[in-house]
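Read the structure below first, then the notes.
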Amino acid sequence: MIDKYSPQEIEKKWQEKWEADNAYKTDIDNSKPKYYALEMFPYPSGNLHMGHVRNYSIGDVVARYKTMAGYNVLHPMGFDAFGMPAENAAISHGVKPSDWTFSNIKNMIRQLKSMGLAYDWDREVETCKADYYRWTQWLFELFYKRGLAYKKEASVNWCDNCGTVLANEQVIDGHCWRCDSEVQKKKLAQWFFKITDYADELLADLDKLPGWPNRVKTMQENWIGRSEGCEFSFEVEGHSEKIPVYTTRPDTIFGVTFVVLAAEHPLVDKLIAGQPNEEAVRKFVNDAKNLSDVERTSAESEKLGIFTGAYAINPVNGKKVPIWVVNYVVYEYGTGAVMAVPAHDERDFMFATKYNLEKILVIDNPEQPIKLEEMTNAYIDAGVLINSGEFNGMGNEKAKSAIIDWLEKHNIGTRKVNYRLRDWLISRQRYWGAPIPVIYCDKCGEQLVPEEDLPVLLPEDVEFKQGALSPLSTSKSFNECKCPKCGGHAHRETDTMDTFICSSWYYFRYADPHNDKLPFDRDKVNYWNPVDQYIGGIEHAILHLLYSRFFTKVLRDAKMLDFDEPFTNLMTQGMVIKGYTDKDGNYVKAKMSKSLGNVVSPEEIIEKYGADTARLFILFASPVDRDLDWSDEGVQGSFRFLNRVWRIIDIFSEAIKKGNTKYDVSTLNDEEVALRRTLHKTIKKVTEDLRDRFAFNTAISTLMELVNAMHVFQNKPINPNLALEVGSALLKMLAPFVPHIAEELWSHLFEGSVHKQSWVEFDAAAIVEDEVEVVLQINGKVRDRVKVPANLDKAALEQAALDLPRARELITGKTIVKVIAVPNKLVNIVVK
RNA sequence: GCGGGCGUGGCGGAAUUGGCAGACGCGCCGGACUUAGGAUCCGGUGACUUCGGUCGUAAGGGUUCAACUCCCUUCGUCCGCACCA
């Protein structure tokens with residue numbers, strides 16, 4: 001008799017044993033195929049939340065299953081440990097960011113270990129440690145040497161609340177991704193990574209990722225925003241400057257009736273100098289610049305503009321058109337100036353109507369000719385060119401290309417591909433990050449810190465204050481330095497790097513975490529990487545996942561590794577949500593959050609029911625990519641199931657100990673044959689669910705059915721050989737989901753660890769049924785069921801159906817139109 | 001506005017290739033055991049029904065012998081994008 005199921009005791013026991021045995025230590029082993037399972041590492045906020053528990057439970061099942069299935073599995077964990085909250089703790093509580101971070105990490109490791117996750121902790125990385133950020137800095141220098149890191153003054157996103165700038169990817173609807181406060185524009189000299197150099201490949205290689213959700217690929221596609229068109233210039237009457245414009249609609253070029261400039265366009269000043277409306281334009285420009293990004297980029301906001309007084313010349317037909325400054329042109333995209341064709345562009349149409357500007361129709365609808373006077377909208381569909389000189393009569397798609405050819409031939413313009421993607425702004429005016437390893441010499445200018453001087457360590461003599469300058473600038477010991485080139489007086493860059501840089505390469509470091517010569521060894525990374533299965537939240541669809549793809553391509557070009565993409569397969573898990581009653585008394589479901597008071601603490605659940613129950617519930621309640629509805633009753637149901645497993649193994653244990661692994665299955669009675677059939681069907685289904693679909697919820701439900709089938713024998717004797725076969729298979733299949741209870745029960749019955757066992761194979765012969773139940777349908781409606789020999793052919797099946805009394809009864813007096821027989825499934829008799 | 005996902009019992013969900021809708025779990029109902037049951041075990045549980053059946057996968061239509069599954073229209077919901085020329 002085995003004791004009562006007591007998760008608190010057995011979980012602690014096995015966690016200690018696994019740790020003492022180094023059970024999950026991984027090394028290169030060329031005798032097996034490798035498999036790299038990875039979950040997005042957490043920010044060390046101090047406590048695990050249910051989203052983490054879900055993420056890591058999924059990853060652990062994948063890792064444990066693949067191990068049992070014969071793979072050499074790498075499954076590491078670490079911490080994305082630089083970031084603002086640590087610094088905020090310093091500002092508000094006077095704690096050192098490092099102390100705050102390391103004590104949080106300590107607590108989270110304890111919590112992770114209490115979940116029974118199969119990590120190789122020897123490979124843990126913490127991005128805030130000098131032996132990691134040394135290589136983050138080294139990689140910055142690599143990017144710099146490859147011309148991919150540069151400093152420039154630009155209008156950048158500034159979050160006042162966080163006291164730092166943000167990359168475009170980190171601005172969501174004009175708000176800071178972290179604190180949600182409104183982002184402002186500021187002109188600052190900042191460091192950028194030239195991700196735009198890889199825009200084309202980042203877009204094209206999405207096709208190499210069949211294992212990624214389409215949703216994520218579409219989001220990246222939109223973000224990169226490739227468009228094809230051409231760039232050409234307008235001459236300005238009475239000025240030597242030209243206005244370059246970018247358009248995707250060269251087919252409408254003869255319909256240009258005005259040219260619009262963004263408020264920031266440098267030509268504006270020159271064009272208005274001495275013009276009668278100079279002051280009015282200046283005021284308009286200043287007003288536009290003072291608007292927040294939210295207001296400026298909203299598609300709904302009113303399109304406003306003002307005439308500069310200057311005119312441009314359309315290079316294709318010499319037409320003189322007015323130049324306006326408007327609030328709807330994005331300066332950072334294209335050339336910051338646009339040719340306006342009101343007849344064929346919605347915005348230009350609205351604008352021209354509002355300000356009484358000319359409209360010229362240049363594309364006509366061949367089915368139903370358009371009358372300019374009757375137009376209430378721009379005509380943006382396909383058509384045939386009119387009013388376009390030598391191109392009249394040409395289809396507009398063809399004309400796009402023909403007109404670009406013409407522009408190129410006459411040296412007026414060129415074909416051009418444009419991207420919405422901008423370079424990645426990586427400077428942060430914060431302390432708790434990797435210092436940018438650059439020195440500014442009074443004489444020699446910008447210099448990289450020599451490689452042998454890395455890491456540039458974070459100083460401790462800093463003041464933490466909110467402000468526009470990094471706290472590093474308050475450190476004397478940090479700031480002042482010698483120029484590495486001339487030895488003269490110099491000072492350090494005081495900005496740190498965006499923490500997304502730290503997380504753009506950590507999955508390579510896991511392959512070689514203790515290397516002190518390089519970020520990682522090329523052979524080791526080529527062995528383990530790319531990650532076979534990456535698991536995390538959809539919120540990183542662009543941010544982390546795009547940056548990581550960029551890094552991988554740069555490191556490939558630097559010959560540090562030999563593949564193109566970092567993550568072969570990506571799984572995006574849904575959120576954990578929970579219903580609560582709002583102030584109006586309505587029951588609503590929402591993401592767990594402190595402010596709503598619907599948070600369930602993982603630690604409490606694990607204390608009460610054990611990690612196995614928590615894991616089982618989370619995996620069973622919902623498919624991984626969907627939101628998971630937390631249910632306290634559901635958790636109890638999972639706990640109940642584990643008790644049921646415990647009891648039935650206990651009941652079977654005497655028989656199991658007497659059983660032999662090899663036996664003659666013909667000695668089994670009918671009920672035993674049925675149980676054995678259920679077992680092998682279960683093995684087949686669970687294997688397919690884990691191997692092909694990551695359908696953990698259905699795998700678990702199938703295991704529940706097996707346990708239910710075993711209960712048929714709770715009060716009657718069972719063949720010991722079958723008991724052994726079923727019992728051991730059940731424990732092996734449960735092992736990836738609920739590692740502690742599976743190990744505990746295994747240890748009562750067998751030698752060694754259940755987690756070192758090979759995955760179970762199903763016996764196809766055991767699944768074969770002699771008889772199957774087929775359905776009799778009359779006109780598609782189920783009218784009877786009948787048992788027939790399995791695999792009965794169509795003709796015999798059809799006859800068997802027609803012979804049924806029920807069929808005869810319903811057919812009499814009617815004509816049989818057709819009989820459809822599907823072996824092992826059904827017979828449908830169509831009558832009139 | 002554009003693009004995409006989703007919509008199945010009281011609830012979470014299953015149905016993998018067009019072939020028995022509702023597996024499994026929660027909840028609920030009944031029974032057994034019991035001094036007791038918020039333990040355990042067994043059974044029932046889509047709706048309506050004249051007990052023959054009829055209806056039923058957001059709504060409406062279509063294709064098919066057969067549709068949760070394919071096609072069209074509409075509604076709801078969630079997500080992404082949105083002055084990018």
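Everything quoted here is computed from the prediction, not taken from an experiment. Below, chain A is the first sequence line, B the second, and so on; all start at residue 1. Basis for what follows: all heavy atoms, side chains included, without hydrogens, waters or symmetry-related copies.
- For A/Tyr328, the listed nucleotide lying nearest its side chain is B/rC83; candidates were B/rG12, B/rC83, B/rC81.
- Contact check on A/Glu688 versus A/Lys685 returns no salt bridge, with no Lys/Arg side-chain nitrogen under 4.0 Å from an Asp/Glu carboxylate oxygen.
- In B/rG52 the O4'-C1'-N dihedral to the base is within 90° of 0, which defines a syn nucleotide.
- In this model, no donor atom of one side chain and acceptor atom of the other lie less than 3.5 Å apart for A/Glu169 and A/Trp424.
- Rounded to whole Å, the C1' atom of B/rG62 lies 30 Å from the corresponding atom of B/rG13.
- Pair assignment for B/rC81 gives B/rG1, based on Watson-Crick or G-U wobble hydrogen-bonding distances that are each under 3.5 Å.
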- Letter by letter from the 5' end, nucleotides 38-54 of chain B scores (B base, S sugar-phosphate only, - none; protein heavy atoms under 4.0 Å) --SSS----------SS

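- OP1 and OP2 of B/rG25 both lie 4.0 Å or more from every side-chain N or O belonging to A/Asn697.
- The partner of B/rG38, taking Watson-Crick or G-U wobble pairs whose two distances both stay under 3.5 Å, does not exist in any strand shown.
- Comparing B/rG52 with B/rA39, their P atoms sit 38 Å apart, to the nearest whole Å.
- Comparing B/rG12 with B/rG1, their P atoms sit 29 Å apart, to the nearest whole Å.
- Taking atom CD of residue A/Glu221 and atom P of nucleotide B/rC2, one finds them 19 Å apart after rounding to whole Å.
- Closest contact between the side chain of A/Phe620 and the listed nucleotides B/rG12, B/rG19, B/rC84 involves B/rG12.
- Taking only distance into account, the side chain of A/Arg347 never meets the base of B/rC84 through a donor-acceptor pair shorter than 3.5 Å.
- Checking A/Met704 against A/Tyr246, the closest nucleotide of RNA chain B that is more toward the 5' end is the one next to A/Met704.
- Taking only side-chain atoms of A/Glu773, from C-beta outward, the nucleotide of B/rG12, B/rC20, B/rA15 with the closest atom is B/rC20.
- Base pairing of B/rU63 is not made with any nucleotide, judged by Watson-Crick or G-U wobble geometry with both donor-acceptor distances under 3.5 Å.
- With hydrogens and angles disregarded, a donor-acceptor distance shorter than 3.5 Å links the side chain of A/Gln220 to the backbone of A/Ala541.
- A/Thr247 comes within contact range of the sugar-phosphate backbone alone, with a heavy-atom separation under 4.0 Å but no base atom that close.
- Of all heavy-atom pairs spanning A/Pro823 and A/Ala821, the tightest one is CD-O, 3.7 Å.
- Among the protein residues, A/Asp627 comes within range of the sugar-phosphate backbone only, with heavy atoms under 4.0 Å from sugar or phosphate atoms but none that close to a base.
- The same atom, C1', is picked in B/rG60 and in B/rG38; the two are 48 Å apart, to the nearest Å.
- Side-chain atoms of A/Lys589 lie closest to B/rG12 of the nucleotides B/rC81, B/rG12, B/rC20.
- For A/Phe234 and A/Phe232, the gap between ring centers is short of 6.0 Å.
- Looking only at atom types and distance, the side chain of A/Asn214 has no donor-acceptor partner in the side chain of A/Trp212 under 3.5 Å away.
- Using a distance-only test at 3.5 Å, with no hydrogens or angles considered, no donor-acceptor pair links the side chain of A/Ser388 to the main chain of A/Phe254.
- Base pairing of B/rC55 is made with B/rG46, judged by Watson-Crick or G-U wobble geometry with both donor-acceptor distances under 3.5 Å.
- Counting non-hydrogen atoms under 4.0 angstrom, A/Gly225 reaches nothing in the nucleic acid.
- The gap from the C1' atom of B/rC2 to that of B/rC71 amounts to 23 Å, rounded to the nearest Å.
- Contact annotation: A/Arg693 does not reach the phosphate of B/rA14 (side-chain N/O to OP1 or OP2, under 4.0 Å).
- Whole-Å rounding puts the A/Arg215 CZ to B/rC78 P distance at 14 Å.
- Not one N or O on the side chain of A/Arg415 forms a donor-acceptor pair closer than 3.5 Å with the backbone of A/Ile404.
- B/rG80 and B/rG46 have their C1' atoms separated by 36 Å, given to the nearest Å.
- Between the P atom of B/rC83 and the CG atom of A/Asn222 lies a distance of 12 Å, rounded to the nearest Å.
- Between the CG atom of A/Leu628 and the P atom of B/rG25 there is a distance of 18 Å, given to the nearest Å.
- Ion pairing between a basic and an acidic side chain is recognised when a charged N comes within 4.0 Å of a carboxylate O; A/Glu769 and A/Lys681 show such pairing.
- A donor atom on one side chain and an acceptor atom on the other are found under 3.5 Å apart for A/Lys185 and A/Asn157.
- The CZ atom of A/Phe737 sits 17 Å away from the P atom of B/rC24 (whole-angstrom rounding).
- In this structure B/rG76 sits in a base pair with B/rC6, meeting the Watson-Crick or G-U test at under 3.5 Å.
- Rounded to whole Å, atom P of B/rC78 lies 17 Å from atom CD1 of A/Ile538.
- Look at NZ on A/Lys303: it is 9 Å from P on B/rC84, rounded to the nearest Å.
- Nucleic acid contact for A/Val260: none, since no nucleic acid atom lies under 4.0 Å from a heavy atom of the residue.
- Under the Watson-Crick or G-U wobble criterion, with both distances below 3.5 Å, B/rG18 is left unpaired in every strand shown.
- Picking from B/rA21, B/rA14, B/rA23 the nucleotide with the shortest atom distance to the side chain of A/Ser701 gives B/rA23.
- Base pairing of B/rC11: its partner is B/rG25, meeting the Watson-Crick or G-U wobble criterion (both donor-acceptor distances under 3.5 Å).
- Within 6.0 Å of NZ in A/Lys217 there are more than 12 heavy atoms belonging to other residues, nucleotides or ligands.
- Within the 4.0 angstrom heavy-atom criterion, only backbone atoms of the sugar-phosphate kind lie near A/Thr698; the bases stay farther away.
- Ring centroids of A/Phe258 and A/Phe351 are separated by less than 6.0 Å, placing the two rings close together.
- When the P atom is compared between B/rC24 and B/rU45, the two are found 11 Å apart, to the nearest whole Å.
- Out of B/rA14, B/rU16, B/rG12, the shortest distance to the side chain of A/Lys685 is found at B/rU16.
- By the 6.0 Å contact criterion, CD on A/Glu228 is open, its count of non-hydrogen atoms from other residues, nucleotides or ligands being 12 or less.
- The partner of B/rC68 is absent, by the rule that a Watson-Crick or G-U pair needs both atom distances under 3.5 Å.
- With both ends at atom C1', the span from B/rG5 to B/rG19 equals 27 Å, rounded to whole Å.
- With a glycosidic angle no further than 90° from 0, B/rG9 counts as syn.
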Distances under 3.5 Å between protein N/O atoms and the N/O atoms of nucleotides 62-65 of chain B, please, pair by pair.
from   : atom 1 : to       : atom 2 : distance (Å)
B/rC65 : OP1    : A/Lys818 : NZ     : 3.2
B/rC65 : O2'    : A/Asn828 : ND2    : 3.1
B/rC65 : O2     : A/Asn828 : ND2    : 2.8

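- For A/Asp627 (side chain) and A/Met575 (main-chain N/O), a donor-acceptor pair under 3.5 Å exists by modelled atom type.
- Counting to the nearest Å, the P atom of B/rC83 and the CD atom of A/Glu302 are 16 Å from each other.
- Dashed line: the shortest gap from a side-chain N or O of A/Ser227 to OP1 or OP2 of B/rA85 is under 4.0 Å.
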